[in-house]
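These notes are about the structure you will find just below.
Within every chain, numbering begins at 1; the chains are lettered A, B, ... in the order of the sequence lines, protein sequences first and strands thereafter. FYI, side chains are in, hydrogens and waters are out, and symmetry mates aren't considered; it's all heavy atoms of this structure.
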Amino acid sequence: MKDWQYRLRGARTTLSAIAVFIVIFALYAAKHDGGFTGNVAQTAANKGVLLAFVAIGQCFVVLTAGIDLSVGAVFILADCLASTLVTGSPLAVAFGVVAVLVAGLACGLVNGLIVVYGRLQPIVATIATGAIYFGLALWVRPEPGGDIDSNLADAVTGQLPGGIPSSLVLLLAIILLVWVPFRRSVMGRAVYAVGSSEASAYMSGLPIRRAKLLAYGFAGLFSAVGGLMLSFITYSGEASATNASTYTLNSIAAVVIGGVSLFGGAGSAIGAVFGALIFRTINDLLFVFDLDPLWQPLFLGLVLLAAVSFGSLRLLRIRNRLELFGQ
Amino acid sequence: MTQKLEPVPARLRLPAGLRRFDPAVATAFGCIVALLLVGSFYSRSFLSPEYLLQQFQVGAFLALVATGMMVVVLLGQIDLSVPWIVTVGGMMSTAAAGHGAAGAALAIPFGVLCGVGLGVVNGIGVAYLRVPSMIFTLGIDAVAQGLMVLRTGGSAPQDMATPLMGQLATGHAILGMPNAVWVWIAVGTATVILLGRTTFGRSVYAIGNRESAAYLSGVHTRRIVLLAFALSGGLSALAGTMLAGYSGKAYQGMGDGYLLPAIAAVVLGGTSILGGRGSYLGTTAGVILITLLQSILSVVQMPDAGRQVIYGAVILAMLLLYGRSSRVGG
């Protein structure tokens with residue numbers, strides 16, 4: 001095989017996620033009453049990027065064959081923090097944004113430290129830390145409310161000249177500035193290697209502990225970016241337990257739809273972003289097709305099941321039963 | 001998912017009688033005693049039999065869910081469809097109760113059967129389609145939610161529990177013990193026999209340790225996994241029917257608070273989340289531990305924020321005591 005064929009094969013799942021998104025979104029835009037205008041794109045983008053940021057965070061951890069069930073709680077904690085800190089003078093706003101991001105990073109690093117040095121299983125460790133982070137969010141904001149600097153909020157969630165949604169530009173910028181350099185760095189390779197086989201990565205002299213710490217740290221950081229966006233969209237903060245668990249679970253669904261393997265070591269954040277956008281667009285698709293909103297949760301569940309069962313087609317190609325058990 | 005326990009070197013082995021006692025289970029029971037002592041400083045009533053029986057009654061719902069979860073976790077899988085299967089159990093049993101005397105009599109079996117049905121679909125997805133359980137059970141949870149939203153939305157279906165369901169959850173029929181605790185004891189005894197004395201139970205442990213080895217030894221691994229998920233679904237639904245009896249009616253979101261505590265109870269009880277290792281005694285300890293912790297935190301009137309933080313921190317601290325896995329490399 002030629003070089004480009006290998007690369008194509010490696011990016012196959014990401015590319016199919018992009019293709020599915022384009023098809024679904026085209027359907028959505030075509031059926032939308034108002035036609036495809038800047039406002040339609042803006043609303044869709046703002047709703048989509050929230051889950052997209054959390055999904056990017058989840059993707060880093062899933063690539064290491066871990067799972068982070070606290071992303072939703074960090075997302076909500078960032079939202080609550082932002083609604084108290086990101087207000088006032090420009091200097092205070094800047095400080096607030098940095099403080100929220102640092103808090104998210106710190107939450108992620110705590111998860112990482114517990115998983116790497118505490119040697120707890122990620123799934124249970126992050127359930128426990130998730131409870132703690134959600135408690136902190138409740139402490140910061142016992143009642144929904146708060147205030148957000150509206151200039152900044154409007155700038156981030158509004159439109160650029162030409163009707164391009166600025167939240168989408170922000171998402172693209174972060175992918176280009178963080179994901180692409182990360183994927184090409186030694187740390188990036190180490191994250192993938194840890195996910196493929198931790199023991200082999202260790203034997204190859206890769207920094208497995210730092211790679212895992214970095215992955216969990218990024219998970220917290222990106223969840224906090226998502227939480228910041230939520231506060232920009234709602235102009236307030238709310239410690240909602242429902243939102244926390246919904247975003248945690250949807251982020252897992254998004255990375256899987258985006259072609260990231262739950263066994264680790266395969267997939268990309270770009271896939272996760274499109275997985276998140278697919279997930280949100282399916283939600284909206286029902287409205288433009290005038291289906292009863294009551295059908296929405298069932299439809300979403302069936303689509304999720306169908307999407308994950310689609311991967312089972314590989315079973316038809318298995319020659320030896322033992323390959324079923326993998327791992 | 002590749003880390004496995006190494007065999008314990010001979011010199012570290014305890015005498016046969018002591019070896020059977022898992023240090024994790026011992027620590028969990030130690031933590032229960034410590035919690036009760038801490039509670040008794042606050043109020044004497046924490047040590048009274050009435051208080052403890054009441055806690056067991058409340059804990060019985062969690063215990064049923066955790067029992068099913070434990071069997072699934074022993075396989076190295078996880079069941080995230082608990083919240084809405086609990087709700088399905090509650091809603092479907094109360095729905096059956098609306099169909100006259102026959103419906104009322106069959107309410108509980110019907111609710112449980114609906115849970116078993118969803119559990120079977122979980123099992124098909126995980127065992128036969130080989131979809132990771134974490135995502136497939138999530139999908140079933142969403143589907144169950146969708147079905148229940150469709151049922152309740154736009155109309156007000158019958159949602160009142162039958163007297164029998166109320167009796168099962170809140171009555172004291174035998175020896176002054178709450179009936180819910182008797183159900184817990186019955187299910188617990190059956191599970192201990194099932195896990196320790198039957199082919200099914202031994203197969204569950206074998207699959208959890210290494211599925212390919214179990215398969216090569218002639219275990220029908222896929223059938224066992226399917227049965228385990230069916231069992232988990234049925235027990236969650238049973239918890240749902242009793243919960244409906246407890247509060248008099250079924251409602252959306254009644255199962256929301258059971259998923260994470262159930263996983264925490266199973267893991268705190270010393271069951272490895274990677275599968276293949278764990279005892280039912282441990283799960284029982286985990287359930288009591290979680291129930292007491294929740295109860296004490298609410299009795300001392302801690303604000304919700306502090307309650308969450310302490311709840312998470314205590315679970316973390318206990319896991320760090322004995323839940324650590326072996327080191328990779330050196």
A:Val308 portion near chain B, given a 4.5 angstrom heavy-atom threshold
both
From the list B:Val267, B:Ile273, B:Leu320, side chain to side chain contact (heavy atoms under 4.5 Å, CB included) with A:Leu120 holds only for B:Leu320
Which heavy atom in B:Ala142 sits nearest to a heavy atom in A:Gly301, and how many Å separate them?
CB-CA, 3.6 Å
Counting heavy-atom pairs under 4.5 angstrom with chain B, the leader among A:Gly264, A:Pro142, A:Ala128 is A:Ala128
Do A:Ile123 and B:Met134 have side chains that approach each other closer than 4.5 Å (heavy atoms only, starting at C-beta)?
yes
Euclidean distance, A:Phe134 CZ relative to B:Asp304 CG, rounded to 0.5 Å
7.5 Å
What residue in B:Arg307, B:Arg222, B:Gln145 has the most heavy-atom pairs under 4.5 Å with chain A?
B:Arg222
So, the part of B:Ile310 with a heavy atom under 4.5 Å from chain A: the answer is neither
Looking at side-chain heavy atoms only, is the closest gap between B:Phe136 and A:Ser309 below 4.5 Å?
yes
If you tally heavy-atom pairs under 4.5 Å between each of B:Ile315, B:Leu138, B:Leu147 and chain A, the highest tally belongs to B:Leu138
Residue part contacting chain B, namely of A:Ile127, when any heavy atom lies under 4.5 Å:
side chain
Quick check on B:Thr221 against chain A: is it the side chain, the backbone, both or neither that has a heavy atom closer than 4.5 Å?
side chain
Contacting moiety of A:Leu298, where chain B heavy atoms sit under 4.5 Å:
both
Hey, what do you get for CG (A:Leu262) to CD1 (B:Ile135), rounding to the nearest 0.5 Å?
6.0 Å
Answer key: most heavy-atom pairs under 4.5 Å with chain A among B:Asp256, B:Leu216, B:Leu80, B:Leu259 is B:Leu216
Please give me the minimum heavy-atom distance between A:Gly135 and B:Ala305, naming the atom from each residue.
O-CB, 3.3 Å
With chain A, the option among B:Ile78, B:Leu268, B:Val143, B:Val131 that has the most non-hydrogen atom pairs under 4.5 Å is B:Val143
Locate the shortest heavy-atom distance separating A:Ala131 from B:Gly312; write the atom from each residue and the value.
CB-CA, 4.0 Å
For A:Val124, the option from B:Leu316, B:Leu260, B:Leu319 that meets side chain to side chain contact (heavy atoms under 4.5 Å, CB included):
B:Leu319
Whatever's closer than 4.5 Å to a heavy atom in chain A on B:Ala264 counts as neither
